[in-house]
Protein chains: 2
Amino acid sequence: MLMCSDFGPFGVSAGGTVVVKIDKSVLRSFALFEKMPDVEIEELLSRATTRRVPSGEAVFEQGAPASHFFLLLNGRLKVTQVTPDGQQIIVRVVHPGDLFGFAKALRRPDYPGTALSVIESLTVCWPTDLWPHFIDRSPVLAASALNTIGARLEEAHTRIREMSTQEVERRVAHAVLRLTKQAGRAAEGGIRIDFPITRQDIAEMTGTTLHTVSRILSAWEGDGLVEGGRQKLTVRDVTRLQALADSAKL
Amino acid sequence: MLMCSDFGPFGVSAGGTVVVKIDKSVLRSFALFEKMPDVEIEELLSRATTRRVPSGEAVFEQGAPASHFFLLLNGRLKVTQVTPDGQQIIVRVVHPGDLFGFAKALRRPDYPGTALSVIESLTVCWPTDLWPHFIDRSPVLAASALNTIGARLEEAHTRIREMSTQEVERRVAHAVLRLTKQAGRAAEGGIRIDFPITRQDIAEMTGTTLHTVSRILSAWEGDGLVEGGRQKLTVRDVTRLQALADSAKL
DNA sequence: AACCGTCTTTGCGCAATGGCAAAGAGCAGG
DNA sequence: CCTGCTCTTTGCCATTGCGCAAAGACGGTT
């Protein structure tokens with residue numbers, strides 16, 4: 001499986017797509033690299049390859065050996081896991097600027113989940129072997145990486161706490177609010193979630209079923225809280241939704 | 001709040017208890033320190049303090065600034081989190097040899113949970129500031145720490161997956177099996193969980209209620225799968241319990 | 001413009017769980 | 001040995017949320 005184009009910052013990938021040259025200014029625009037000296041960024045980029053991931057395609061798959069780690073430049077991914085009996089859950093949504101797939105950094109031999117692009121995406125790829133090297137070279141990056149992992153762990157625990165103690169409606173409310181924060185874009189009359197998302201997706205993020213999510217969203221729509229659509233969701237009244245997420249009943 | 005005795009490896013703690021001198025052979029017996037050179041272990045110990053934690057007492061509390069990180073030598077702790085509305089969940093059980101409370105290593109300013117001793121325990125404490133120092137000095141430790149964090153993240157995801165896709169009975173089965181693996185001790189006619197654990201605890205680990213856990217365990221006991229008791233649990237038939245945890249129905 | 005596949009909505013009935021309440025049991029301390 | 005406290009068991013009932021099934025939209029494609 002070809003995980004990344006092997007042509008360096010220039011070149012033509014397997015699919016015939018011209019691989020974009022990544023300028024350091026692009027990286028610099030992400031918080032992670034904000035304070036990184038030019039030389040270091042260039043060093044990073046000199047080792048990097050890039051990959052265009054058409055919508056619906058996987059960057060890596062659950063169980064595959066962790067050959068690379070990645071930075072999402074553009075687009076949106078969902079990381080999923082499949083249970084032995086075939087059920088799927090969404091572990092996380094990856095947004096532009098996020099590092100992902102650094103399983104090996106945590107001494108895991110292979111990817112614990114599948115990273116699936118939801119819309120056409122662009123990633124930077126580095127061979128996992130380079131991870132220690134980068135950590136050594138760039139204390140900033142090392143710190144950020146730990147930050148990221150800490151945040152991720154905390155997020156996981158938050159989710160566990162929610163699933164343990166809250167009914168479905170509040171969980172869905174929290175999930176939707178999180179999405180608007182991470183991927184919200186101002187739209188007419190509310191905040192629109194900026195990538196195609198299905199009720200099924202929301203169900204897999206909250207540990208419930210497509211049907212229940214649909215019912216809940218319908219109810220909310222009736223109350224003027226949100227506005228739905230095919231693979232679309234706009235939050236009309238963030239405040240009230242937040243209230244619903246926080247306290248028990250509306 | 002006095003987190004650790006300030007008397008070094010010798011001395012008398014606030015409670016008047018003689019603080020045990022930790023010998024390097026004790027640390028060496030844990031996988032984490034197995035391959036660590038003598039000098040390094042001594043260096044670690046020279047900076048360490050110790051603390052005896054009577055049953056029911058907290059090593060640190062949720063929200064408190066993360067002043068130390070710890071190694072559990074002896075005893076058993078449970079790490080809990082309390083939700084804003086007062087419900088509690090058990091995040092993890094800490095076993096002898098586990099590092100815990102290294103929130104700061106992940107750039108968290110304070111402890112995300114409370115570590116409560118279930119039986120009288122003995123911990124080694126280091127100031128958080130020393131973490132980077134240790135990581136620098138001991139690549140083995142650094143690697144192990146990452147290992148630990150990776151495992152912890154994976155564990156969290158496993159739990160999310162289970163809570164998303166499995167009914168309560170299977171979740172309880174998994175939890176009990178995990179406990180027997182981590183804290184099982186051979187007993188007459190089965191494997192006994194080696195520390196006092198209540199149905200409430202199990203409920204908080206699996207995201208259900210005391211009542212449901214009690215019902216499930218009663219049913220299992222009727223089937224000869226386990227044997228209960230006040231704060232006791234012995235698994236009689238691991239194989240069958242495993243089968244129940246894996247496949248749907250018994 | 002017609003067609004098709006995917007996503008969404010909804011009704012209905014049921015099984016799984018949570019809530020509540022009260023009684024029973026084991027353990028520790030006096 | 002008695003007392004009190006905490007932990008556990010159980011019955012009953014109210015709800016939640018899931019399964020199943022079918023029909024309706026929406027968008028993209030030819």
Side-chain angles (χ1 to χ4, degrees), chain A residues 54-56 78 85-90 116 118-120 162-173 175-176 193 195-223 226-234 248-249, chain B residues 54-56 78 83 85-90 116 118-120 162-173 176 193 195-223 226-234 244 248-250:
Chain A
S55 169
K78 54 183 183 186
D85 52 303
Q87 300 209 61
Q88 192 175 82
I89 67 160
I90 295 186
L116 212 60
V118 179
I119 52 177
E120 159 146 348
E162 286 180 1
M163 302 216 349
S164 295
T165 63
Q166 301 176 355
E167 355 50 286
V168 175
E169 185 170 11
R170 289 180 66 187
R171 299 209 299 267
V172 174
V176 170
I193 293 174
F195 61 94
I197 186 168
T198 68
R199 318 287 138 138
Q200 177 73 41
D201 289 333
I202 299 181
E204 288 174 9
M205 292 191 288
T206 52
T208 180
T209 62
L210 160 66
H211 310 279
T212 303
V213 171
S214 178
R215 280 182 242 275
I216 290 175
L217 290 184
S218 295
W220 287 354
E221 186 150 13
D223 267 5
V226 302
E227 185 168 334
R230 187 194 176 83
Q231 300 196 334
K232 277 186 299 203
L233 191 58
T234 306
K249 275 288 167 198
Chain B
S55 168
K78 54 183 182 187
T83 65
D85 53 302
Q87 301 208 61
Q88 194 176 78
I89 66 159
I90 296 186
L116 212 60
V118 179
I119 53 176
E120 160 146 347
E162 284 181 3
M163 302 215 351
S164 296
T165 63
Q166 301 175 354
E167 354 53 285
V168 175
E169 186 170 9
R170 289 179 66 185
R171 299 208 299 265
V172 174
V176 170
I193 292 174
F195 61 94
I197 186 167
T198 67
R199 317 288 137 139
Q200 176 74 41
D201 289 332
I202 299 181
E204 289 174 8
M205 291 191 291
T206 51
T208 179
T209 63
L210 160 65
H211 309 280
T212 303
V213 171
S214 180
R215 281 182 243 274
I216 289 174
L217 290 184
S218 295
W220 288 354
E221 186 151 13
D223 267 4
V226 303
E227 184 167 335
R230 188 193 174 82
Q231 301 195 332
K232 276 186 303 204
L233 192 57
T234 305
L244 200 159
K249 276 287 168 198
L250 192 61

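Chain A is the first sequence line, chain B the second, and so forth, proteins listed ahead of strands; every chain is numbered from 1.
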Length of the CZ-P vector between B/Arg199 and C/dG24, whole Å: 19 Å
Pairs where residues 200-214 of chain A contributes a residue and the test salt bridge (Lys or Arg N to Asp or Glu O under 4.0 Å) is met, not counting sequence neighbours: A/Lys78-A/Asp201
side-chain contact (heavy atoms from CB on, under 4.5 Å) against B/Thr209, all qualifying residues, sequence neighbours excluded: B/His211, B/Thr212
Nearest-Å distance for atom pair CH2/P, residues B/Trp220 and D/dT8: 15 Å
Qualifying residues under salt bridge (charged side-chain N to carboxylate O under 4.0 Å, His left out), relative to A/Glu162, sequence neighbours excluded: A/Arg178
Sub-4.0 Å heavy-atom contacts from residues 204-215 of chain B onto DNA chain D, ordered by number: B/His211, B/Ser214, B/Arg215
Atom-pair distance (CD on B/Gln166; C1' on C/dA16), nearest Å: 15 Å
Rounded distance in Å - CG (B/Asp201) to P (D/dT6): 15 Å
For B/Ala173, all residues meeting side-chain contact (heavy atoms from CB on, under 4.5 Å), sequence neighbours excluded: B/Trp220, B/Leu241, B/Leu244, B/Ala245
Identified side-chain contact (heavy atoms from CB on, under 4.5 Å) partner of B/Met205 from the options B/Ile197, B/Val176, B/Val213: B/Ile197
The single option from A/Val172, A/Ile89, A/Ile90 passing side-chain contact (heavy atoms from CB on, under 4.5 Å) against A/Thr206: A/Val172
side-chain hydrogen bond (donor to acceptor under 3.5 Å, both in side chains) against A/Gln88, all qualifying residues, sequence neighbours excluded: none
Value in whole Å for how far the P atom of C/dT6 lies from CD of A/Gln200: 13 Å
Spacing between B/Gln231 atom CD and D/dT6 atom C1', to the nearest angstrom: 8 Å
side-chain hydrogen bond (donor to acceptor under 3.5 Å, both in side chains) against A/Gln231, all qualifying residues, sequence neighbours excluded: none
Atom-pair distance (CD on A/Gln87; C1' on D/dG19), nearest Å: 12 Å
Axis bend over the full length of the helix from C/dA1-D/dT30 to C/dG30-D/dC1, computed from five pairs that close each end, to 10 degrees: 40°
Residues forming a side-chain contact (heavy atoms from CB on, under 4.5 Å) with A/Gln87, sequence neighbours excluded: A/Thr83, A/Asp85, B/Thr165
Integer-rounded Å distance: C/dT10 C1' and A/Glu221 CD: 14 Å
Side-chain (B/Thr208) to main-chain (B/Ala203) donor-acceptor, under 3.5 angstrom: no
Results of salt bridge (charged side-chain N to carboxylate O under 4.0 Å, His left out) for A/Glu120 - residues two or more places apart only: A/Arg52
Among C/dT8, D/dC7, D/dT10, the one nearest B/Ser218 by side-chain distance: D/dT10
Summary of protein contacts for nucleotides 25-30 of chain C, nucleotide by nucleotide, where a base hit scores B, a sugar-phosphate-only hit scores S (4.0 Å, heavy atoms): BBS---
